[in-house]
Amino acid sequence: MKINSKKILFNVFLVLIPIIVAIVSLSIGRMMISFDEIYKSIFNFKNADKTFRLIIINYRLPRIILAILCGMGLSVAGLSFQALFSNPLATPDTIGVASGASFGAVVAILFSANNIVVQILSVLMGLIAVSLTWVNAKSKNLNLSYLVLSGIMVGSVFNALVSLVKFVADPDSKLPTITYWLMGGLGNSGYKSLIIGAPIIIISIVITYLLRWRLNLLSLSEDELVSQGVNVKSLRIIVIILSTVMTASVISMCGQVGWVGLIVPHLCKMKFGNNHVTLVPIVISVGAVFMLIVDTIARSITATEIPISILTALIGAPFFIYLLRIMRKKN
Amino acid sequence: MSLLEIKNLNFSYNEQRQIINDLSFNLDSGDVLAILGPNGSGKTTLLKLIMGMLQYRGEILLDGQDIKKISARDFWKKVSFVPQQRNVVNSLNVYDSIMIGRSCYIGAFSIPRDEDFFACDRVIDELGIKRLKNRYCDTLSGGELQLVLIARALVSNPKILILDEPESGLDFRNQLLILNVIEDLKQKKITSIFNTHYPKHALQKANKTIMLGDKNPIYGNTLDVITEKNIENIFGIKALINEIRVGNEIIKNVVPLYVV
């Protein structure tokens with residue numbers, strides 16, 4: 001491989017940036033905490049202030065880990081789906097993952113289940129939704145157009161079921177919880193809730209990272225793909241499974257966080273081109289940073305926390321349009 | 001032993017109409033085979049059959065081995081495919097696109113290595129497309145894209161190159177450019193198989209030709225296959241084959257006269 005110092009430096013930069021942003025984010029909040037205190041709380045806790053240590057270790061740190069995981073997971077899943085369908089507008093909900101996962105979660109909330117059950121049911125329903133999409137679209141050669149059509153249908157059925165749950169939910173207690181949950185947020189984070197989701201997301205991201213060269217091939221037509229000696233069907237199935245479990249795990253932990261899977265990959269493509277070998281690590285890094293920034297704003301800008309999908313859209317969409325305009329001018 | 005042996009090949013999409021009827025032929029290294037025939041006569045189908053993409057009756061042997069028994073990876077190291085450029089959608093830049101042709105050498109969990117970069121640089125040099133290296137494929141003209149697609153196919157060092165209508169949709173100059181590239185492959189002992197709508201391209205560049213029509217396919221040396229009589233039988237037109245002397249070279253040409 002062509003290795004030069006510029007490339008190495010860039011990769012180090014990709015790893016360092018999320019870490020730096022995470023440290024800054026640890027200090028920001030309704031209570032500002034100095035870097036010195038952060039250091040003491042994590043590495044030298046005998047001398048640390050108890051309140052600061054409590055805030056950092058029990059509240060901010062798990063939340064920041066969750067933000068990093070969500071950002072990476074949603075961005076990588078978005079990138080994979082866009083490659084898979086050769087469509088820049090493809091998102092995890094194209095084949096019904098998000099709708100299914102949401103349905104699982106709201107049902108669990110309706111029956112007052114605890115967080116772990118919400119997560120498990122959510123991941124499970126996300127997978128069931130995709131399996132249904134798959135079964136409906138099943139043909140000898142796995143036609144992607146059928147898959148999308150079937151995904152839209154399955155997605156709308158699950159969206160209707162979510163509405164049904166909201167309709168029957170107690171408007172005083174359950175309905176607000178469900179509505180807030182659907183708007184997304186990282187407020188429920190804790191080390192316990194990370195146990196199920198984190199390993200799934202990390203493993204899926206690692207495998208996608210290793211497969212990054214293969215993602216380039218997905219944009220080829222069927223005959224071209226076959227003529228590269230690639231097993232088309234298994235490659236597509238692997239990418240679908242990885243992206244599905246990533247998305248479902250994220251949704252199970254922090255609700256429907258829209259836009260990230262669309263904005264982050266496109267931001268990176270505008271700047272760095274479409275070669276997934278370089279794109280995947282960049283998207284992982286930028287996804288983490290994007291979510292960290294948005295979540296830090298969500299929890300610190302006002303006294304009550306702002307649901308995160310509102311912010312991802314409010315910050316992400318205008319920024320995206322701004323970038324589109326710059327790119328158009330350049331061309 | 002021939003490089004490619006086709007024995008009693010039969011294929012039909014449905015029972016009513018047989019597309020390929022009992023076709024047999026052999027190709028050696030450096031042969032150029034043209035496939036001619038009216039629209040819908042099965043030119044692209046024949047290419048797909050040779051590449052093992054469709055179920056067939058009969059035998060196709062590559063280096064003496066039945067292609068059904070060769071692993072996909074090993075098969076595509078020996079055979080490369082250049083699709084019709086109008087069907088190609090590609091958002092990568094030229095260099096990365098050409099690198100895709102190395103896929104059968106790159107493991108599923110791997111990325112291009114030194115030898116892959118060398119192969120890419122070599123093909124880019126050979127085809128003289130260095131100036132296109134950093135352009136995006138969706139900004140290329142038809143002729144440029146066709147060259148890139150050929151480069152992508154050649155980067156895996158194939159023994160056989162299969163091209164689906166390589167010169168269709170191109171202007172005069174680019175047609176000649178692409179045909180010359182195919183001709184140059186002879187010297188490198190690469191066998192090429194291409195289908196075309198132009199009998200004169202087959203006459204000028206191919207040493208062997210297959211004509212597909214309603215009846216049994218006609219196969220043989222190009223000069224024996226592309227005759228005024230065969231053109232009338234297969235295409236239903238009266239055509240004139242003439243010779244033009246340019247310097248010491250005699251160039252054959254086919255002039256269509258009228259529909260029979």
Side-chain angles (χ1 to χ4, degrees), chain A residues 1-4 7 11 79 82-83 85-88 90 140-141 144 206-239 242 265-266 268-270 272-281 327 330-331, chain B residues 44 47-48 51-54 70-93 95-97 99-118 120-121 134 136-139 149 152-153 155-156 158 161-162 164:
Chain A
M1 207 179 87
K2 278 181 185 169
I3 292 177
N4 51 41
K7 255 188 190 165
N11 286 330
L79 182 70
Q82 285 147 25
F85 293 109
S86 305
N87 183 338
K140 225 166 111 196
N141 297 319
L144 288 179
V206 169
I207 300 176
T208 310
Y209 176 81
L210 291 173
L211 276 172
R212 64 198 188 284
W213 165 258
R214 285 284 190 260
L215 292 185
N216 275 345
L217 304 184
L218 287 172
S219 66
L220 302 181
S221 67
E222 193 90 19
D223 288 346
E224 288 178 279
L225 244 176
V226 172
S227 74
Q228 301 308 331
V230 173
N231 188 331
V232 185
K233 202 173 172 184
S234 57
L235 178 63
R236 284 180 179 160
I237 292 175
I238 289 170
V239 172
L242 289 174
H266 281 290
C268 302
K269 282 180 201 167
M270 283 178 197
F272 299 99
N274 292 315
N275 186 349
H276 288 78
V277 174
T278 45
L279 207 51
V280 171
M327 291 310 283
K330 258 191 188 170
N331 292 336
Chain B
T44 303
L47 293 186
K48 285 191 175 179
M51 293 187 286
M53 288 177 180
L54 297 168
I70 306 176
S71 77
R73 238 173 180 213
D74 290 338
F75 179 80
W76 292 110
K77 278 180 183 173
K78 291 180 180 171
V79 178
S80 271
F81 173 53
V82 181
Q84 285 186 31
Q85 34 107 357
R86 63 165 175 265
N87 295 343
V88 171
V89 189
N90 196 328
S91 52
L92 293 170
N93 70 21
Y95 196 88
D96 294 334
S97 289
M99 187 60 88
I100 280 187
R102 294 290 295 178
S103 293
C104 48
Y105 290 96
I106 301 170
F109 292 119
S110 185
I111 56 173
R113 299 155 193 271
D114 274 345
E115 64 254 37
D116 303 310
F117 287 105
F118 291 144
C120 255
D121 291 334
N134 295 318
Y136 276 86
C137 285
D138 44 17
T139 66
L149 292 177
R152 184 177 83 186
V155 79
S156 59
L161 190 67
I162 294 176
D164 193 2

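Every chain is numbered from 1 and lettered A, B, ... according to where its sequence line falls, protein lines coming before strand lines.
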Undergrad: In terms of heavy-atom proximity below 4.5 Å to chain B, should Leu235(A) be classed as side chain, backbone, both, or neither?
TA: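 For Leu235(A), neither part sits under 4.5 Å from chain B.
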Undergrad: Taking all heavy atoms of Asp223(A) and all of Lys48(B), pick out the closest pair and write down the distance.
TA: OD2-CE, 3.0 Å
Undergrad: At a heavy-atom separation under 4.5 Å, does Ser110(B) approach chain A through its side chain, its backbone, both, or neither?
TA: backbone
Undergrad: Could you tell me if the side chain of Trp213(A) sits less than 4.5 Å from the side chain of Pro112(B), heavy atoms only?
TA: yes
Undergrad: Given that the side chain runs from C-beta out, which part of Met51(B) has a heavy atom under 4.5 Å from chain A: side chain, backbone, both or neither?
TA: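 Neither part, no heavy atoms under 4.5 Å.
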Undergrad: Nearest 0.5 Å, what's the OG1-CG distance between Thr278(A) and Asp96(B)?
TA: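 If I round to the nearest 0.5 Å, the distance is 7.0 Å.
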Undergrad: Could you state the interatomic distance from CG (Asn275(A)) to OH (Tyr95(B)), rounded to the nearest 0.5 Å?
TA: 11.0 Å
Undergrad: If you round to the nearest 0.5 Å, how far is CZ of Arg152(B) from CD of Gln228(A)?
TA: 5.5 Å
Undergrad: Please classify the contact of Val226(A) with chain B as side chain, backbone, both or neither, using a heavy-atom distance under 4.5 Å.
TA: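 Both backbone and side chain.
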Undergrad: Please name the pair of heavy atoms, one in Gly229(A) and one in Trp76(B), separated by the smallest distance, quoted to 0.1 Å.
TA: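 Minimum heavy-atom separation between Gly229(A) and Trp76(B): CA-CD1, 3.4 Å.
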Undergrad: When only pairs under 4.5 Å are counted, which of Val277(A), Leu217(A), Leu220(A) shares the most heavy-atom pairs with chain B?
TA: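 So the answer, after comparing Val277(A), Leu217(A), Leu220(A), is Leu217(A).
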Undergrad: For chain A, which candidate among Asp116(B), Leu92(B), Ile100(B), Asp74(B) shows the most heavy-atom pairs at distances under 4.5 Å?
TA: Ile100(B)
Undergrad: Hey, which of Ser156(B), Ser91(B), Gly107(B), Pro83(B) has the most heavy atom pairs under 4.5 Å with chain A?
TA: Ser91(B)
Undergrad: Count the heavy-atom pairs under 4.5 Å between each of Met99(B), Arg73(B), Lys77(B) and chain A, then report the option with the highest count.
TA: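 Among Met99(B), Arg73(B), Lys77(B), the one with the most close pairs to chain A is Met99(B).
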Undergrad: To the closest 0.5 Å, what do you measure between CG (Leu211(A)) and CD1 (Ile111(B))?
TA: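 One finds 12.5 Å between CG of Leu211(A) and CD1 of Ile111(B).
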Undergrad: Check side chain to side chain contact (heavy atoms under 4.5 Å, CB included) between Ser86(A) and all other residues, then give those that pass, not counting sequence neighbours.
TA: Ser219(A)
Undergrad: Heavy-atom pairs under 4.5 Å with chain A - which of Ser97(B), Cys104(B), Ala108(B), Ser71(B) has more of them than the others?
TA: Ala108(B)
Undergrad: Counting only heavy atoms not in Tyr209(A), do more than 12 fall under 6.0 Å of its OH?
TA: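 At most 12 heavy atoms, drawn from other residues, nucleotides or ligands, come within 6.0 Å of this atom.
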